[in-house]
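Sequence lines set the chain letters: A, B, ... in the order given, protein chains first and strands last, and positions in each chain run from 1.
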Number of protein chains: 2
Amino acid sequence: MDVIPNRVSQRLSLYLRQLEAFQRLDRRTISSLQLGQSLGLTDAQVRKDLGYFGQFGRPGIGYLVADLIAKVKRILGTDKTWNVLLVGYGNLGRALVAHKEFAAKGFQIVAVFDSDNAKIGRKSGAIAVQALSELPCTIARERIALAIIAVPPDGAQVVADQLVNAGIKGILNFAPVSINVPPSVALNAVDLSVLLEQLSFQINFQKKDPN
Amino acid sequence: MDVIPNRVSQRLSLYLRQLEAFQRLDRRTISSLQLGQSLGLTDAQVRKDLGYFGQFGRPGIGYLVADLIAKVKRILGTDKTWNVLLVGYGNLGRALVAHKEFAAKGFQIVAVFDSDNAKIGRKSGAIAVQALSELPCTIARERIALAIIAVPPDGAQVVADQLVNAGIKGILNFAPVSINVPPSVALNAVDLSVLLEQLSFQINFQKKDPN
DNA sequence: GGATGTGAATGCATTCACAGCA
DNA sequence: TGCTGTGAATGCATTCACATCC
């Protein structure tokens with residue numbers, strides 16, 4: 001099978017989110033045009049994206065919503081639950097542990113780590129904050145494949161290295177710094193300030209251009 | 001001047017972040033190769049990106065770090081402070097208000113709103129949570145151009161409409177739903193679950209492909 | 001020598017447009 | 001008729017490669 005373009009996988013999650021919204025409205029079928037318009041995309045792009053994974057639609061009808069949801073979940077790997085760990089129990093870390101939507105989407109945070117001794121042992125619901133030294137055995141015991149980094153920038157690379165060594169397969173990095181991982185480990189990064197800077201840029205620069 | 005490709009503005013923030021890191025290490029100059037490698041990009045791309053905005057480097061030398069930082073900040077519009085408001089004082093909202101890095105990067109959260117009467121009047125530092133009815137006058141009084149939405153999905157579009165009507169120029173949406181705004185308003189969206197789904201996809205699907 | 005700045009060439013992603021099926 | 005699936009055509013982004021300058 002062909003290699004999947006990067007952008008396709010990013011949109012796949014959005015398709016799923018939108019399909020579930022249509023399902024809540026009791027829609028049985030949906031066309032590529034409707035799905036696309038709800039996300040600001042063209043119908044051709046929706047069809048092409050889905051086409052990388054198989055033939056899911058029916059000419060003249062469109063896609064069966066429930067069916068396509070199941071298919072996309074299998075593709076994304078969210079038809080089963082993933083155990084996830086969090087490193088960094090600060091402001092953001094606490095919000096992420098409390099974030100209900102993760103569990104609803106199949107991501108269960110089952111362990112929390114912090115390097116600050118004062119935080120170790122503190123409980124968030126059923127989960128006690130652990131020392132980083134316990135990473136390897138907890139990862140093995142709980143079969144954890146995904147990790148979220150929410151530590152200050154200076155600690156992020158060290159934490160990432162420890163996670164990789166302990167066998168983590170994917171990392172979501174919220175620390176405002178670039179981290180390196182081997183190509184065998186999936187990496188996704190979000191910098192909250194960068195998100196605002198992009199808005200600032202558009203308002204400041206792009207918008208004054210057409211004058 | 002030419003229109004700036006989308007991807008360029010996204011990388012500009014990363015260049016700034018990396019340049020500031022080099023400055024903390026007392027580096028005076030940096031080449032496009034070094035800057036690129038620190039972010040996993042090619043030297044040609046760094047030069048081409050910066051080239052959209054002017055000629056900032058010196059052949060044989062590279063870029064002056066302090067100088068380039070100032071230039072990029074002006075381009076991004078973060079050479080001055082932006083007042084920002086937040087709607088939704090839940091788990092995530094509280095973490096965002098407490099997020100120190102925003103202020104350090106020139107984004108000051110000066111007002112917080114929530115639709116839940118039980119939360120109105122609660123204080124986060126010097127900021128009291130306000131009712132949404134106060135949006136227009138607070139936006140005008142505090143000269144707020146940027147807004148962060150951190151409300152549950154069902155409320156997001158309504159909130160966005162109110163923000164747009166009240167004159168907000170840019171919106172960062174954390175609600176897990178697509179929202180529509182007029183083209184004159186800048187929009188950036190992050191769905192935390194989608195970020196994990198992309199990792200799940202890479203591990204589940206992409207990685208098994210080479211076999 | 002060592003680096004930038006930039007047209008030209010390549011490669012990737014999106015859109016078009018239409019055959020084919022319900 | 002209405003819609004999918006998909007090669008072909010277009011458009012956008014990245015990389016190459018080299019003239020140019022410190």
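- Going from atom CG of A:Leu68 over to atom P of D:dC3 covers 16 Å, rounded to whole Å.
- Distance, A:Lys48 NZ to C:dA17 P: 14 Å, rounded to whole Å.
- Of the N and O atoms on the side chains of A:Gln198 and B:Asn188, at least one donor lies less than 3.5 Å from an acceptor on the other residue.
- A close approach under 4.0 Å does not occur between any side-chain nitrogen or oxygen of B:Ser31 and OP1 or OP2 of C:dA3.
- Between A:Ile61 atom CD1 and D:dG5 atom P the separation is 12 Å, expressed in whole Å.
- Across the protein-nucleic acid pair, A:Leu64 atom CG and D:dC3 atom P stand 14 Å apart, rounded to whole Å.
- A perpendicular orientation is assigned to the rings of B:Phe102 and B:His99, their planes being inclined by more than 60° (bins at 30° and 60°).
- Taking atom CZ of residue B:Phe56 and atom C1' of nucleotide C:dT6, one finds them 15 Å apart after rounding to whole Å.
- Side-chain atoms of B:Thr138 never come within 3.5 Å of backbone atoms of B:Leu135 as a donor-acceptor pair (strictly under, hydrogens ignored).
- Distance, A:Asp49 CG to C:dT14 P: 7 Å, rounded to whole Å.
- Residues of residues 33-47 of chain B having a heavy atom closer than 4.0 Å to DNA chain D, listed by number: B:Thr42, B:Ala44, B:Gln45, B:Arg47.
- B:Asn6 has its CG atom 7 Å from the P atom of D:dA13, to the nearest Å.
- Between A:Tyr63 and D:dG5 there is a side-chain polar atom (N or O) within less than 4.0 angstrom of OP1 or OP2.
- Residues A:Ser193 and B:Arg17 have side chains that never bring a donor and an acceptor to within less than 3.5 angstrom of each other.
- Close placement of the B:Phe53 and A:Phe205 rings is indicated, their centers lying within 6.0 Å of each other.
- Using modelled atom types, one side-chain atom of A:Gln157 and one backbone atom of A:Asn180 make a donor-acceptor pair closer than 3.5 Å.
- Of the residues near DNA chain C, A:Val8 and B:Gly62, the one whose nearest nucleotide (by heavy atom distance) lies more toward the 5' end is B:Gly62.
- If you measure from atom CD of B:Gln10 to atom P of D:dC12, you get 16 Å, rounded to the nearest angstrom.
- With a 6.0 Å cutoff to the six-membered ring centre and a 45° limit on the axis angle, A:Arg58 does not count as a cation-pi contact of A:Tyr63.
- Of all nucleotides listed (D:dG5, C:dG2, C:dT6), D:dG5 comes nearest to the side chain of A:Gln55.
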